[in-house]
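What follows is a short report on a single structure.
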Amino acid sequence: MESELTLASFRNELDEAVLERGWLYFSNGWVSRPREILPHYYECVVEEVNPHAVSFSRNPDGTFTDIFCTCGDRLHSACRHMAAVLFLLESHQGESIAPPGVD
């Protein structure tokens with residue numbers, strides 16, 4: 001990714017094939033709600049054939065930092081699992097990332 005990744009920019013920043021696959025995972029309901037694993041650091045699981053965890057944090061300005069996926073896709077700067085998580089977060093904009101007691 002050449003610029004900072006936000007919910008407002010990810011559709012323009014990520015590869016079209018990555019977005020298409022991520023949308024498929026999101027629309028099929030394969031992405032878990034975020035859970036806070038460390039203060040201000042979250043994780044979602046994408047239930048594909050082999051589940052993959054996407055972890056991330058966000059700055060107060062909405063920029064994603066430390067975004068990582070366990071799939072290890074080295075062909076793209078962001079993988080399809082990350083795209084699926086971004087679609088989930090986009091669909092819940094304005095809500096708390098991880099409400100208390102919700103995994």
Side-chain angles (χ1 to χ4, degrees):
M1 289 169 282
E2 293 182 16
S3 63
E4 296 179 332
L5 190 62
T6 66
L7 289 179
S9 71
F10 83 94
R11 289 173 181 254
N12 295 321
E13 294 293 323
L14 303 185
D15 180 78
E16 186 175 334
V18 167
L19 288 170
E20 287 176 7
R21 185 63 65 93
W23 177 257
L24 175 70
Y25 294 173
F26 163 70
S27 63
N28 282 325
W30 297 349
V31 185
S32 70
R33 297 260 324 177
R35 66 184 182 97
E36 192 169 18
I37 55 176
L38 293 170
H40 309 290
Y41 196 72
Y42 301 89
E43 179 180 81
C44 294
V45 175
V46 180
E47 296 289 342
E48 191 187 13
V49 173
N50 295 311
H52 292 288
V54 175
S55 55
F56 63 91
S57 60
R58 286 173 74 184
N59 290 333
D61 68 357
T63 303
F64 286 88
T65 59
D66 303 319
I67 190 165
F68 174 79
C69 181
T70 59
C71 77
D73 183 350
R74 301 290 177 230
L75 296 176
H76 303 94
S77 56
C79 69
R80 60 201 182 274
H81 308 104
M82 291 176 188
V85 168
L86 292 168
F87 281 119
L88 175 79
L89 295 173
E90 180 185 58
S91 75
H92 292 284
Q93 262 183 323
E95 297 177 22
S96 174
I97 289 181
V102 177
D103 289 326

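Predicted model, so just to flag it, every value in this text is computed and none were measured. Along the sequence shown, residues carry numbers from 1.
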(request) Could you please spell out the steps behind the side chain to side chain contact (heavy atoms under 4.5 Å, CB included) verdict for F56 and L89? (result) CA-CA 12 Å; F56 63 91; L89 295 173; 3.7 Å; yes

(request) Please report the C-alpha distance between L86 and F26 in whole Å, then the side-chain angles of each, then the deciding distance to 0.1 Å, and finally whether the side chain to side chain contact (heavy atoms under 4.5 Å, CB included) criterion is met. (result) CA-CA 9 Å; L86 292 168; F26 163 70; over 6 Å; no

(message) side chain to side chain contact (heavy atoms under 4.5 Å, CB included) for R58 and L7? Distances and angles first, verdict last.
(response) CA-CA 10 Å; R58 286 173 74 184; L7 289 179; 3.8 Å; yes

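A donor-acceptor pair under 3.5 Å links the side-chain atoms of D15 to the main chain of A17, judged by distance alone.
Closest heavy-atom contact between A78 and V18: O-CG1, 3.6 Å. Annotation for E4 and S9: closest pair O-OG, 3.4 Å, computed over non-hydrogen atoms.
Rounding to the nearest 0.5 Å places NE2 of H40 at 11.5 Å from CG of N59. The CZ atom of F87 sits 5.0 Å away from the CG atom of L19 when rounded to the nearest 0.5 Å. Once rounded to the nearest 0.5 Å, the distance linking CD1 of I67 with SG of C79 reads 8.0 Å. Here the CG-CG distance, from N12 to L5, works out to 10.5 Å after rounding to the nearest 0.5 Å. For the atom pair S55 OG and Y42 OH, the distance stands at 13.0 Å (nearest 0.5 Å).
Side-chain contact between L88 and P34 is present, with heavy atoms from C-beta onward closer than 4.5 Å.
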Pairs under 3.5 angstrom only: tabulate donor-acceptor contacts from the side chains of residues 43-51 to other protein residues two or more places apart or in another chain.
residue	atom	partner	partner atom	Å
E43	OE1	R35	NH2	3.0
E48	OE1	H81	NE2	2.7
E48	OE2	Y25	OH	2.4

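Partners of E90 by salt bridge (Lys or Arg N to Asp or Glu O under 4.0 Å), not counting sequence neighbours, listed by chain and number: R11.
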